[in-house]
Amino acid sequence: MAATAVTPDVSSSAAAPRLTPAGSGGRLMAELLGVFNSLTDRMGEDLATSSSWSLLFRALKLSLPALRGAAAAVSVSGAGGSLPRALIIAASLADLQMDAEVISAGIVRHAIDAGAVSMPDAESSLGAGAAALLRDSLAVKSSPTGVDVADDATSSALRKTILSDHDIRAVILELAVRLDAMKHLENFPKHQQRTTSLEVLKVFAPLAHAVGAGAMSKELEDLSFWRLYPQAYAQIDAWLSGQEDDCKNILAAGKVELAKALAADDELRRNGVTGVDIKGRYKSRFSAMKKLVKDGRRPEDVHDILGMRVILDVAGDVGEDGGDGHRACLRTHEVIKGMWKDVPARTKDYIARPKGDGYRSLHIAVDMSEPEPEWKKRPLMEVQIRTKEMNNAAVFGHALYKGNLADPEEAKRLKDIMLAAAEVAAQHLRDEPPTGDQAGATAAAAIAASAGNVERAFRLLDKNGDGRISMEELTELMEDLGAGGQDAEELMRLLDDNNDGSLSSDEFALFQKRVELKAKLEDKDDEYKEILKQKLQKVDDTGLIHVYRKNLSDKLVSG
């Protein structure tokens, strides 16, 4: 009997910032501020510049009214709901700790795909840097693929071309757009769903690995697997789902237990361990399929359904032999053996004997089954133990391997591309020293960058920097959001407590508190109903994304 196709979870990886019904000026303002606050909260503090916040604010003012209308209800990338989808893409990029140019381009990119915004309007609002990134992401989208990507050599060459010819941030933006599109293929013909899924599986999922977005890559793989091979997906899903909840609970409890044991170990401290990071994962459907079908393994021979990675921060972790790092890894192994039953035959010390490509890590397997009398059989858990230095090298190399870009010269060239991209972004987003009449406005902008959400948004609306939002400034905002003077007048009456015809920072802060309270109540309601599930993990502090992010942060701080 054929297996029943099981629909994977296609809920948004990153929850979209809250939207409010359009109509009154208050609702429009609440929508703008709510989305702006949500996105800026997700971004890293090291990217906080007034130029960044101003760019994001302009992108939202352009895109919110354009995508809100009924004319944008159906976009070229799938079914309706263009505005929520644009904000989900932006939230995903913010969670990946991308800069404001990438996030802003992500919002406007969806508006362009939906036909709601023209490129000239985008260029006028965003400025040269973000507009160039937006154009480049559209060029990545148009890269020639088609059914010939079934050829491994062709798809590998295409991946290398995309990474070589385009801004790496445009590639990451396109990956976020592709992931959203994969969740909205149901209205397309079956043949188009399969062609798109094949393209994602052969080109874009490996690209996500190559840039270090492992969680995004797994989602792309599983969604493609489901669309291309629904019966096979159903078989794998039934096998993994039967034990998934129990195994994930074991992983969560195991991480806590191990973290306490390692933190209390004196020998680790003597070996220079100053911190421990423990990550757990449950095997993806596509990865399990490859083990069973391509490698020909039996289910009981798949020993990495459960996985845990222990990353040690070791002072003085230098040298080819690992030094104190190797001793710390061996001690961690001893601690784990004292907690759980290990499988000696599956212990592999790639620190003492690194792989040919320089990979170093200590691999062990432990049996997480319950002992008698509660005896309950569970899969083995593979534990990788390494230092932070080893992990950085391993994840970066593994990412390139997954993207078929393992050649050392190719890796060096890609790293150079990432550094160059960060340099360009830093130039666009850095706050330049004030000159002449710009001093006052620049000082106000600098305060906005360092302030909280309330003060930051207030100063973006207070364009002349006089400490108040005038009727003219409020009317201009309402017009940008697709409303008019009457909405501005109603909003002023609502917020202007002392009736002086303008809004002070205190009056604006009170409105912000109302917006934030409403959002918190709605989030709590969703939590209680178990509707909102956050699945996108922040990318590891390794891989190409990390190379870009760290260099950009350094450039902004040094500037």
Please enumerate all residues that pass salt bridge (charged side-chain N to carboxylate O under 4.0 Å, His left out) together with [X], with sequence neighbours excluded.
X      : value
Asp349 : none
Lys218 : none
Lys248 : Glu244

Considering all heavy atoms, the nearest [X]-[Y] contact:
X      : Y      : value
Met43  : Ala100 : CE-N, 3.8 Å
Ala59  : Ile107 : O-CG2, 4.3 Å
Ser224 : Val200 : OG-CG1, 3.3 Å
His326 : Ala352 : CE1-CB, 3.7 Å
Phe204 : Leu220 : O-CD1, 4.0 Å

Using only atom types and a distance under 3.5 Å, with no angle test, would you say the side chain of [X] pairs donor to acceptor with the backbone of [Y]?
X      : Y      : value
Ser143 : Val140 : yes
Gln193 : Phe188 : yes
Ser92  : Ile88  : yes
Ser217 : Ala213 : no
Ser104 : Glu101 : no

Counting only heavy atoms from other residues, nucleotides and ligands, does the tally under 6.0 Å from NZ of Lys348 exceed 12?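 Counting neighbours around NZ of Lys348, 12 or fewer heavy atoms of other residues, nucleotides or ligands fall under 6.0 Å, so no.
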
Can you tell me how far the [atom1] atom of [X] sits from the [atom2] atom of [Y], to the nearest 0.5 Å?
X      : Y      : atom1 : atom2 : result
Ile385 : Met308 : CD1   : CE    : 10.5 Å
Leu251 : Arg281 : CG    : CZ    : 8.5 Å
Leu460 : Trp53  : CG    : CH2   : 10.0 Å

Could you pull out all residues at least two apart from Gln384 that satisfy side-chain hydrogen bond (donor to acceptor under 3.5 Å, both in side chains)?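 So Gln384 forms a side-chain hydrogen bond (donor to acceptor under 3.5 Å, both in side chains) with Arg309, Glu382, Arg386.
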
Under the rule for side-chain hydrogen bond (donor to acceptor under 3.5 Å, both in side chains), what residues qualify as partners of Ser197, not counting sequence neighbours?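 None.
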
side-chain contact (heavy atoms from CB on, under 4.5 Å) between Thr387 and Ile311, worked out: CA-CA 5 Å; Thr387 67; Ile311 304 170; over 6 Å; no

If you measure from the Lys or Arg side-chain nitrogens to the Asp or Glu carboxylate oxygens, is any gap between Arg178 and Asp180 under 4.0 Å?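 Result for this pair is no, no salt bridge flagged.
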
Verify side-chain contact (heavy atoms from CB on, under 4.5 Å) between Leu179 and Leu223, making sure each step is shown before the conclusion. CA-CA 9 Å; Leu179 178 57; Leu223 288 167; 3.8 Å; yes

Let me have the donor-acceptor pairs involving side chains of residues 124-139, under 3.5 Å, with sequence neighbours excluded, atom names and distances please.
from	atom 1	to	atom 2	distance (Å)
Ser125	OG	Asp121	O	3.3
Arg135	NH1	Glu123	OE2	2.5
Asp136	OD1	His166	ND1	2.7
Asp136	OD2	Asp167	N	2.7
Ser137	OG	Arg109	NH1	3.3
Ser137	OG	Leu134	O	2.7

